[in-house]
There are 2 protein chains.
Amino acid sequence: MNAPAEPRKESVSCPMDFILRMLMGPWTTYILYNLKTHGPQRFGELKRRVSGVSAKMLTERLRTLEGAGLLRRDYEATIPPKVTYSLTKRGHELDDVLGRLAEVGTRWEAEDAAHRSLRAAELKAAE
Amino acid sequence: MNAPAEPRKESVSCPMDFILRMLMGPWTTYILYNLKTHGPQRFGELKRRVSGVSAKMLTERLRTLEGAGLLRRDYEATIPPKVTYSLTKRGHELDDVLGRLAEVGTRWEAEDAAHRSLRAAELKAAE
DNA sequence: TCCTGAAGTTACGAATTGGTACCTACTGGC
DNA sequence: GCCAGTAGGTACCAATTCGTAACTTCAGGA
């Protein structure tokens, strides 16, 4: 096993690394996207919309995002309880960046698809 | 084990998810940052600069980025071999977004730090 | 009386991840 | 003759991650 030299958790360095780790939970972008487009939502609503997510993961992601100040959790101790999540100001600060990222991603996807079909056509023609 | 309902790998959906997964290899941002600030580099140089990365991880990340078209790999079959990595046009398309992301991350970090020291001062005063 | 629903929490376990160590080929230098 | 350096590849191994299933609390409805 050999002790890993230094524990070196939490690299002091890059704020980008921190923020990407934040955004990159398997479900995180879907959660943020849903909160952005459908507004504040209850736990169950989110769970239904972010299809495939387990309660455990959803809870964990929401707690992490709350801890980072990206969203707010409003708990009403009614029976049954009602918990509403909404984006904070900080959460909305990502709208712009995420929008651009999505745009770039979409463009690349389209370019790649065009490239692939071009190649396919070439192959068919060469045959 | 219980078959996981549906295999459902590669969710068709979100191009942002794809791109974030790309960016989020533990070392990816460091690699891109280095290539951006220090220009094209050889494998060994990168490995030395991205401190702590193992050859295995570095190779794997570089291959992934190459596959996504973010960087180019130039192999010269001299002895010893010389392999140079450089950002492609597509790689540079992320400069803007990553810059913003870094800016946001930095600002939040500063805000959080200010908040913490304020809290600490309050506690000390209340004592 | 038992079931349902909300919003989780917990225990367990399988799969993925990333690290370490060792291997390659080849040549130039001591 | 032996070692170093380049650019990895491979096997193995520990730790982390994520999913599933079962449990919780309390009130209202059939």
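Side chains are part of it too, since the values below use all heavy atoms of this structure and drop only hydrogens, waters and symmetry mates. We name chains A, B, ... by the order of the sequence lines, and we start the count at 1 in each one. All values derive from a computational prediction rather than experimental measurement.
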Distance check: side-chain N/O of Arg42(A) vs OP1/OP2 of dA6(C), anything under 4.0 Å?
-> no
Answer yes or no: does a side-chain N or O of Arg73(B) lie under 4.0 Å from OP1 or OP2 of dG8(D)?
-> yes
Hey, is the side chain of Thr59(A) poking within less than 4.0 Å of OP1 or OP2 on dG8(C), counting only N and O atoms?
-> no
Starting at CD of Glu45(A) and ending at P of dA6(C), how long is that distance when rounded to a whole Å?
-> 10 Å
Which part of the nucleic acid, if any, lies within contact of Arg61(B), taking any heavy atom under 4.0 Å across all strands shown: a base, the sugar-phosphate backbone alone, or nothing?
-> nothing
So which of Arg49(A), Lys47(A), Arg48(A) actually passes salt bridge (charged side-chain N to carboxylate O under 4.0 Å, His left out) with Glu45(A)?
-> Arg49(A)
Phosphate-side-chain proximity, Arg48(B) and dT6(D), N/O vs OP1/OP2 below 4.0 Å = yes
Could you give the CZ-to-C1' distance, from Phe43(A) to dG5(C), as a whole number of Å?
-> 13 Å
Just wondering, more than 12 heavy atoms not from His115(B) lying within 6.0 Å of its NE2?
-> no
Are side-chain N/O atoms of Asp95(B) and His92(B) paired as donor and acceptor at under 3.5 Å?
-> yes
To the nearest Å, give me how far apart CD (Glu66(A)) and C1' (dG8(C)) are.
-> 14 Å
d(OH, Tyr75(A); P, dA6(C)) in whole Å = 14 Å
Cut-off 3.5 Å, side chains only: do Arg61(A) and Thr28(A) have a donor facing an acceptor?
-> yes
For Gln41(A) and dA6(C), what is the distance between atoms CD and C1' respectively, to the nearest whole Å?
-> 16 Å
Phosphate oxygens OP1/OP2 of dT20(C): is one of them under 4.0 Å from a side-chain N or O of Ser54(B)?
-> no
Please report, rounded to the nearest Å, how far the P atom of dG8(C) is from the NZ atom of Lys47(A).
-> 12 Å
Just how far, in rounded Å, is P of dG8(D) from CE of Met57(B)?
-> 14 Å
Where each residue is assigned the nucleotide of DNA chain C containing its nearest heavy atom, which of Pro81(A) and Lys56(A) is assigned the position nearer the 5′ end?
-> Pro81(A)
Interatomic distance, Leu62(A) CG vs dC18(D) P [rounded to whole Å] | 14 Å
Ile79(A) or Glu60(A): which one's nearest nucleotide on DNA chain D is closer to the 5' end?
-> Glu60(A)
Nearest heavy atoms of Thr84(A) and Pro40(A), plus distance in Å | CG2-CB, 4.0 Å
Consider the side chain of Trp27(A), meaning its heavy atoms from C-beta on, and name the nucleotide among dT6(D), dG19(D), dG19(C) that approaches it most closely.
-> dG19(D)
